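Each remark here refers to the structure printed beneath this line.
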Amino acid sequence: LSSIRLRAVEESDVAFFFAHMQDQEAQYQAAFVAEDPANRDAHNAHWARIMADENVINRTILLDEVVVGHVAKFVMFEHAEITYWIDRAYWGKGIATAALRQFLDEYRPRPIHATVAWDNAGSLRVLEKCGFVPNGRGMGYANARGEEIEEIYLILDD
Ligand SMILES: CC(C)(COP(=O)(O)OP(=O)(O)OC[C@H]1O[C@@H](n2cnc3c(N)ncnc32)[C@H](O)[C@@H]1OP(=O)(O)O)[C@@H](O)C(=O)NCCC(=O)NCCS
C-alpha cells in the first residue's frame, strides 16, 4: 500500500469531500447521509460548523498527498462517535482501515461508538478490523434510502 497520512482538515479539502459524497452507490451504502447531499451550500455550512466545533476532530485522509477522504470523531447523545468516507475510486485498497487505525492511535479516549446501516458490509468490516464490537441494534431514518432501516451499534473500549 502507498502512503496513507492524516492531517487537519483545510478549507480547500471541503470541496473534495463534497465530490466524494455525490456518488449514488456510496450514498446508498452509507445510508445515513445529509438530507440533500447535492446541496453544496448546506455541505459547506455543515463543514464550517464542525470545523469550529471543539467537540469534533476532523482529519483529511491523504493517499500519496491526494485527498481521498475524511475521518472524524463527533459527539452524539453524549457519546464519542466515529464517521468516515472514502472516494469510491479508491475503495478496496485498505485505505479506510489504515486511516481509522491512525486516527485511533492519535485519539486515545475510549469508549468510541459507531453506527452503521445493517447492510454496510464494508464499514462493518473496517470497524471489526479496528477492534470495534457490536453492542446493539436499532432503527434509524436513512435519508439515502427514504425509509427507516436497521442500524448496528458498535463500540471500541480499549
Ligand atoms: C466503508 C468504506 C469506508 C470502506 O472503505 P475502503 O477503503 O474500501 O475499506 P478497506 O479497503 O479498508 O476495506 C476493509 C475491509 O472491508 C472489506 N470491504 C470493503 N468494502 C466492502 C463491501 N462493499 N462489501 C464487503 N466487504 C467490503 C474489504 O474487503 C476489507 O476486508 P478484508 O481486509 O477482510 O479483505 C467505503 O466503502 C466508503 O467510504 N463508503 C461510503 C461511506 C460509508 O459507508 N461510511 C461509513 C459510514 S458508517
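Just so it is clear, the structure is predicted and the values come from calculations on it, not from any experiment. These values consider heavy atoms only, across backbone and side chains, with no hydrogens, waters or symmetry-generated copies. In each ligand, atom 1 is the first atom listed, and ligand 1 is the first ligand listed. Position 1 is the first residue of the sequence, and the numbers go up from there.
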Do [X] and [Y] touch side chain to side chain, with heavy atoms closer than 4.5 Å?
X: Glu25; Y: Trp91; value: yes
X: Met51; Y: Val14; value: yes
X: Arg59; Y: Glu106; value: yes
X: Leu6; Y: Ile61; value: yes
X: His113; Y: Met76; value: no

Quick one: sort the His43 and Phe18 rings into parallel, tilted or perpendicular, breaks at 30° and 60°.
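Rings of His43 and Phe18: perpendicular, as their planes differ by over 60°.
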
Please tabulate protein-ligand N/O pairs under 3.5 Å for ligand 1, atom names and distances to 0.1 Å.
residue	atom	partner	partner atom	Å
ligand 1	7 (O)	Ala96	N	2.9
ligand 1	8 (O)	Gly92	N	2.7
ligand 1	11 (O)	Lys93	N	3.4
ligand 1	11 (O)	Gly94	N	2.6
ligand 1	12 (O)	Thr97	N	3.0
ligand 1	12 (O)	Thr97	OG1	2.6
ligand 1	33 (O)	Lys129	NZ	2.4
ligand 1	34 (O)	Arg125	NE	2.8
ligand 1	34 (O)	Arg125	NH2	2.9
ligand 1	37 (O)	Gln29	NE2	3.2
ligand 1	39 (O)	Ile86	N	2.8
ligand 1	39 (O)	Ile86	O	3.4
ligand 1	40 (N)	Gln29	NE2	3.4
ligand 1	44 (O)	Asn120	ND2	2.9
ligand 1	45 (N)	Tyr84	O	2.9

